[in-house]
Structure formats: C-alpha cells, structure tokens
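Right, one structure below, let's go through it.
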Amino acid sequence: MRRNWAARLRRFTLDGMAAVTLENEVLRVTVLPGKGGDVVEFLYKPTDTDFVWLSPQGLRNPAHHLHGAADDVARFVDHYEGGWQEIFPSGGTPSAYRGARLAQHGEVAGLPWECEVVADSPELVSVRLSVRTRRLPYRLERTLTLAAGTPALEVEGRASNDSGLPLHAMWGQHLVYGRPFLKPGHRIRLPEGVRVVPHHSPINDAGRRVRAGGPWEWPVVPADDGGTTDLSMVPPQGAPSDVVYITGFPEGWYEISGEIGVRIHWDATLLPYLWMWQEFGASTAYPWWGRAYVLGLEPFAGMPTDGLAAAVANGTALTLEPYESKVLRWRAEVLA
C-alpha cells in the first residue's frame, strides 16, 4: 500500500534515469539505480540539510551524452553530479590490470544497476541494487535500508569474484560533502592514533596543504609552505587542493560537525584507508574551474589514487579468491 507516513519508498524516473527514494519521518535518501547507484540526496528534514554535495554541472544521464574526445578521466567527470558513489574495482586515475583498461574510478560508477524492493513496511524499507562489471568478472550488490524514525541509512555491500582465478580490486565509498552543509570551521573527528600519509605529489600546481613525506600523526601535520596544518578544521575558500590517506584505524568512523553533523561508520578491517580529498576552490582549470568547495572523506581498500595497478604494486589492493565474496557494512547517521 502506498504510504505518506512512517518508513516509505518511491520508485520513479529522474532526468530519464531509474531512481528510488527511501524516506521516514526525519530522513529522505534518493538513490539512482540508473546511474551507478549514486546517492544524490541525504536530507535531514527537520533542518532541511542535505549532506550530499551537488556539482554545478548538475545531473547528466550518461546514455544521453556523447563524449567530445576519447578520455578515460572524462568518462567519470563528464557525468559527475556530485553525490556519493560506489567505486569498484579501481580507484582514482585510469589504470590497466591484466590486460583490462580501467577508466577513472573503475567500472561501476555510471553503469545502470538492477533494483529490487527487499522490504516495504511502515517499520522498514529496503532496496537491493546489483551490477556486473564489464571488463573484470565481478558482481557487486548494495542493499540500502532505512528504518522508521531513525536518522541513519544502513548499507550492506557485497563484492563477488565470479571467476576461478584470484583477482585484485580497489573498493571505496566516494563520500563527498559541500555547500550548503560544509562550511569553514567545521570540525572533523577521527579515532585517536590514526596517521596521515600524503599523496606522493601535488594534485594542483598552485601548491598543497600537507608536506610530502610522513606518515604524520593526525590532525596537526607539517604544512607544505612551512608551519603546520590542522586537518581537523575545514579551511576557508581558496585553501590549497590536496589528497592524503589516513590509516591505522582501530575502528572505522569519522564525524563532520558544525551546527549539525554527520557520522560515518564502516568496517575498517575491509577498507583500512580513508582518502581525504580537499578541493576548496583553488583548482581554477579543468574540471573544477574554481567552483568546487568540497571535502571527500572516502573509506577505501587500496591506495593511492593512481588506479588498481599501483595498489597491486604496493600491496594495498584487496584480493578476492576464486568465487569469493566479501561483505561490507557501513552506516551514515545525522548528528543533530
């Protein structure tokens, strides 16, 4: 029965793509099975706060867009509306693995996923999304669940190797925050004792926030231009762009908070790295043009953001044995 109260869901079409909304008294979550299973809304209704950053270029249906040039980075960026993506089986820049060329952020972001309703009651709504990769023999599932009255989304992912060979993968949750939620002075909390590993080179010619080397102890780290940088504080517009990797989690969680906040909890034994992408308007060329004020805090299996081949070479890639499945559970909760 269609409901407008308690836990409820709606299946519909958004800009020509299959979409589903899971909603309860306090939270509304909109997901695009038609485009990578992206979460394009995570709205806390009492304060009308959406924690998902939406790009100025808006939502674009990959099926309706012709690329202007052959470019394995643009395959992701041309259709990147912001939102939260599942990243698999490669993270970061284009890479090649055992003869398969993998574009920016792998295969599943941007592919259409199958969607089935698992539960639909006033107490609980749940949908299961599934997709098969096209260049490697993997199947990925993600089940999203929202219970009545709770400000938290529960997600269970399953990655399965459908071949008789051991294979590698990078698996990540591309969780990015921006305005209007994200503001200078917001605080980032992590477990005590985690360490910061800078990316091997700057991602912007204009400089970086964190000096190369390390690992450094979170949160106060050496700054690239001398002095120190407090990574636990969201900086003002124009702060240098950077990527660092945080590791050593006794338990996988983080919080971002200001007037209101969000807490992410995940299995750090499976995804032991947290990628911290910092783009606060300093990148004035392609693809951001100075318009992005965003912070990515992205749990990942594997590093750095150089693609699967680099993660295999440094031993941080995930290994799935023949016909093995791995299950990832994570949770996004509003702190009000």
Side-chain angles (χ1 to χ4, degrees), residues 3 5-11 18-33 36-47 49-52 83-88 108-109 113-131 139-160 171-177 181 189-191 249 251-257 260-272 274 296-301 325-336:
R3 292 182 307 282
W5 64 89
R8 64 265 201 190
L9 61 82
R10 299 283 186 272
R11 299 186 69 169
V20 60
T21 292
L22 297 88
E23 186 173 2
N24 63 16
E25 300 88 337
V26 295
L27 199 62
R28 185 170 69 234
V29 181
T30 300
V31 185
L32 296 181
D38 291 8
V39 175
V40 294
E41 181 183 39
F42 188 84
L43 181 80
Y44 184 63
K45 293 159 62 174
T47 60
T49 302
D50 191 357
F51 292 90
V52 169
W84 295 352
Q85 286 78 32
E86 190 94 24
I87 302 299
F88 191 90
V108 302
W113 293 47
E114 298 293 326
C115 179
E116 62 176 312
V117 175
V118 176
D120 184 5
S121 72
E123 294 74 33
L124 186 87
V125 288
S126 183
V127 294
R128 181 182 298 114
L129 281 58
S130 62
V131 69
R139 174 180 171 85
L140 211 64
E141 297 179 358
R142 64 188 319 203
T143 302
L144 301 98
T145 301
L146 183 63
T150 64
L153 177 71
E154 304 279 354
V155 184
E156 179 178 292
R158 178 181 297 271
S160 300
W171 192 1
Q173 302 301 318
H174 194 267
L175 309 181
V176 176
Y177 309 89
F181 159 64
R189 292 187 60 237
L190 298 176
F249 284 88
E251 183 182 15
W253 64 266
Y254 67 76
E255 295 176 359
I256 309 173
S257 59
I260 192 170
V262 63
R263 178 184 174 97
I264 305 295
H265 190 279
W266 78 96
D267 180 0
T269 62
L270 188 59
L271 308 188
L274 183 67
L297 287 174
E298 310 165 25
F300 251 93
S325 294
K326 292 186 182 295
V327 175
L328 169 69
R329 294 179 179 88
W330 63 275
R331 171 185 174 96
E333 180 177 5
V334 176
L335 304 174

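Values below: every heavy atom of this structure, side chains too, minus hydrogens, waters and symmetry copies. None of the values given here were measured: they were computed from a predicted structure.
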Test side chain to side chain contact (heavy atoms under 4.5 Å, CB included) on Y177 and F42; report intermediate values, then the result. CA-CA 11 Å; Y177 309 89; F42 188 84; over 6 Å; no
As a quick check of understanding, evaluate side chain to side chain contact (heavy atoms under 4.5 Å, CB included) for V131 and F88, giving each step before the final call. CA-CA 11 Å; V131 69; F88 191 90; over 6 Å; no
Is there a side chain to side chain contact (heavy atoms under 4.5 Å, CB included) between F51 and I256 once you walk through the steps? CA-CA 10 Å; F51 292 90; I256 309 173; over 6 Å; no
Set out, in order, the CA-CA distance, both residues' side-chain angles and the distance that settles side chain to side chain contact (heavy atoms under 4.5 Å, CB included) for D120 and V125, then state yes or no. CA-CA 5 Å; D120 184 5; V125 288; 3.8 Å; yes
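We find the CH2-CG distance between W253 and L190 to be 6.5 Å, quoted to the nearest 0.5 Å. Taken from CG in L22 to CG in L124, the straight-line distance is 9.5 Å, to the nearest 0.5 Å. To the nearest 0.5 Å, atoms NZ (K326) and CG (L140) are separated by 13.5 Å. Here the straight-line distance linking atom CG of L335 with atom CD1 of I260 works out to 8.5 Å at 0.5 Å rounding. To the nearest 0.5 Å, the span separating CH2 on W266 from CG on L175 amounts to 9.0 Å. Rounded to the nearest 0.5 angstrom, E298 CD and I264 CD1 are separated by 11.5 Å.
Annotation: ring pair (Phe, Tyr, Trp, His ring centres under 6.0 Å) contacts of W113 (sequence neighbours excluded): none. Applying the side-chain hydrogen bond (donor to acceptor under 3.5 Å, both in side chains) test to Y44 and every residue at least two apart in sequence or in another chain returns nothing. Remark: S257 engages R187 in a side-chain contact (heavy atoms from CB on, under 4.5 Å) (not counting sequence neighbours). Taking R10 as the reference, nothing meets the salt bridge (Lys or Arg N to Asp or Glu O under 4.0 Å) condition, with sequence neighbours excluded. Applying the salt bridge (Lys or Arg N to Asp or Glu O under 4.0 Å) rule to E116 yields the partners R128; only residues at least two apart in sequence or on another chain are considered. Shown here are the side-chain hydrogen bond (donor to acceptor under 3.5 Å, both in side chains) partners of E255, two or more places apart in sequence or in another chain: R189, R263. A search for side-chain contact (heavy atoms from CB on, under 4.5 Å) contacts involving R329 returns E156, V327, not counting sequence neighbours. Under the side-chain hydrogen bond (donor to acceptor under 3.5 Å, both in side chains) criterion, N24 pairs with no residue, sequence neighbours left out. Qualifying side-chain hydrogen bond (donor to acceptor under 3.5 Å, both in side chains) partners for E86, counting only residues two or more places apart in sequence or in other chains: R142, W171, Q173. Scored by the side-chain contact (heavy atoms from CB on, under 4.5 Å) test, D267 finds T269, L270, L328 as partners (sequence neighbours excluded).
Using a 4.5 Å heavy-atom threshold, the side chains of V39 and V31 count as touching. A heavy-atom distance below 4.5 Å is found between the side chains of R11 and V20. Side-chain atoms of F249 and Y254, non-hydrogen and from C-beta on, never get closer than 4.5 Å to each other.
The backbone N or O of A6 sits less than 3.5 Å from a side-chain atom of R8, completing a donor-acceptor pair.
Across every non-hydrogen atom of D50 and F181, the tightest pair is O-CB, 3.7 Å. When every heavy atom of K45 is checked against every heavy atom of R28, the shortest pair comes out as CD-N, 4.2 Å. When all heavy atoms of P272 and A301 are compared, the pair lying nearest together is CD-CA, 4.1 Å. V127 and C115 make their closest contact through CB-SG, 4.1 Å (heavy atoms, listed as atom of the first residue, atom of the second, distance). The shortest heavy-atom contact between L274 and P299 is CD1-N, 3.5 Å. Considering every non-hydrogen atom in both A19 and P33, the closest pair reads CA-CD, 3.7 Å.
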Going by atom type alone, with no hydrogens or angles, which donor-acceptor pairs under 3.5 Å involve a side-chain atom of residues 143-154 and a protein atom two or more places apart or on another chain?
residue	atom	partner	partner atom	Å
T145	OG1	S126	OG	2.9
T150	OG1	A147	O	3.0
E154	OE2	R331	NH1	2.1

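For E25, the CD atom is densely surrounded, since the number of other residues' heavy atoms within 6.0 Å is greater than 12.
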